[in-house]
Protein chains: 2
Amino acid sequence: MTAHVSHAPAGAPDLTAPRWLDAEEQRAWRAWLFSAQLLMDRLDRELTHATGISHAYYEILVALSEAPERMMRMSELADRCLSSRSRLSHAVSRLEERGWVRRQVCPEDGRGQLAVLTEEGFAALDGAAPVHVESVRTHLFDQLTPDQVENMRDLGETLLGHLDPATVRTLP
Amino acid sequence: MTAHVSHAPAGAPDLTAPRWLDAEEQRAWRAWLFSAQLLMDRLDRELTHATGISHAYYEILVALSEAPERMMRMSELADRCLSSRSRLSHAVSRLEERGWVRRQVCPEDGRGQLAVLTEEGFAALDGAAPVHVESVRTHLFDQLTPDQVENMRDLGETLLGHLDPATVRTLP
DNA sequence: GTAGCGTAGTTGAGAGCTTGACTATTCCGC
DNA sequence: GCGGAATAGTCAAGCTCTCAACTACGCTAC
């Protein structure tokens with residue numbers, strides 16, 4: 001960013017002036033942003049390339065595999081995957097075409113749909129998981145000391161507590 | 001992820017077995033992933049909603065505004081924005097339609113194109129920057145202690161050093 | 001029961017991204 | 001110089017996401 005300078009007189013701080021980042025904050029922010037973008041991109045590419053499953057689809061399969069009876073309400077699944085309803089609906093349709101998920105009307109609520117992981121879907125996940133965990137190891141945990149891992153967890157949970165207090169409670 | 005257990009005998013560790021994450025690692029990884037996704041999504045939405053400029057476009061404008069003469073080679077700009085050549089080419093075309101960027105053949109290399117930030121583009125960035133910095137403050141720095149900010153920088157730079165050693169040197 | 005409202009999920013159109021092919025130009029070895 | 005390899009950038013086709021309707025069902029009050 002080009003330099004932005006507040007022109008408020010020293011004695012009267014301008015409370016509406018943008019709270020620009022200082023050099024340290026700028027550096028921290030960019031390091032975080034770039035590393036996060038690169039890491040997600042790398043993990044997604046390696047997974048997609050090796051297994052044909054994008055990280056977004058992988059997350060859906062994981063969520064279903066962990067759910068009781070390997071089935072979940074569409075909305076609940078969308079929340080769990082940080083996805084919009086619409087996006088999830090499209091994604092599940094595509095997973096259905098691959099035979100990995102099927103839809104089923106919800107017995108308790110006629111409006112609802114259940115997404116159910118099929119045996120084929122579970123097998124696909126089972127094949128992809130070792131690939132993905134190896135990527136996460138290589139590009140994340142292998143690079144960090146135990147203290148850094150602890151800091152990562154602390155940072156993540158702090159931000160999560162602000163951005164979405166409901167999700168922080170669903171952590172393992 | 002459902003439980004995955006290595007069946008190798010204790011005396012002969014299986015070096016090809018997936019290095020699954022333990023509970024602590026799982027927790028750290030998910031906290032990081034969810035918070036990163038939510039934060040990026042939030043910042044992008046707030047910026048797009050308030051200014052009509054997506055975060056991806058914002059990054060292009062920022063990179064150009066910081067470049068000498070507010071111009072940059074297409075490839076260099078793509079690298080700086082962690083974007084593919086193709087994606088950047090499309091994005092610059094759309095920014096050109098808005099009158100914020102224009103293309104210019106590179107004098108030194110007839111194959112190359114220079115993306116140049118226009119006055120209108122600079123004005124658009126100038127209007128968007130306060131909105132964006134306020135989002136970053138609200139959802140990131142206001143939530144963290146100075147120690148956490150320091151940890152964030154450390155983590156980001158560590159990961160960046162592994163994922164893209166070239167980029168870490170371009171930090172402010 | 002039925003009108004009205006809220007919720008669950010889907011759909012279609014349009015925007016943006018990815019992949020891979022393609023053009024134009026430069027670089028390099030002879 | 002000149003032919004072949006490498007590089008810069010663009011483009012078309014297909015896929016995914018977003019936004020804004022839209023359908024279908026459930027809940028509540030009368």
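Here is the naming used below: chain letters follow the sequence lines, and residue numbers restart at 1 for every chain.
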Could you pick out which residue, B:A91 or A:S86, lies toward the 5' side of DNA chain C when each is mapped onto its nearest nucleotide?
A:S86
When you check the phosphate oxygens OP1 and OP2 of C:dC17, does a side-chain N or O of A:R45 lie under 4.0 Å from one of them?
no
On the 0 to 90° scale, with breaks at 30° and 60°, tag the A:W29-B:H55 ring pair as parallel, tilted or perpendicular.
perpendicular
Mapping A:R94 and A:E108 to their closest nucleotides on DNA chain D, which lands nearer the 5' end?
A:R94
Between A:Q113 and B:Y57, whichever has its closest DNA chain C nucleotide further toward 5' is A:Q113
Taking OP1 and OP2 of C:dC17, is either one under 4.0 Å from a side-chain nitrogen or oxygen of B:R87?
yes
Output yes when A:R80 and A:E76 qualify as a salt bridge under the 4.0 Å nitrogen-oxygen rule, no when they do not.
no
Assuming nearest nucleotide by heavy-atom distance, tell me which of B:L88 and A:G110 is located more 5' along DNA chain D.
B:L88
So that I can tick it off, tell me whether B:R27 and B:E24 are bridged by a salt bridge, with the cut-off set at under 4.0 angstrom between side-chain N and carboxylate O.
no
When the distance from NE2 of A:H90 to C1' of D:dC15 is rounded to whole Å, what number comes out?
12 Å
For D:dT10, does either OP1 or OP2 sit under 4.0 Å from a side-chain N or O belonging to B:R85?
no
Value in whole Å for how far the P atom of C:dA24 lies from CE of B:M74
18 Å
Classify the nucleic acid contact of B:S84 as base, sugar-phosphate or nothing, counting any heavy atom under 4.0 Å across all strands shown.
sugar-phosphate
Roughly, in whole Å, what's the span from CZ in A:R111 to P in C:dG6?
13 Å
Any cation-pi pair here, A:R70 with A:F122, using under 6.0 Å and within 45°?
yes
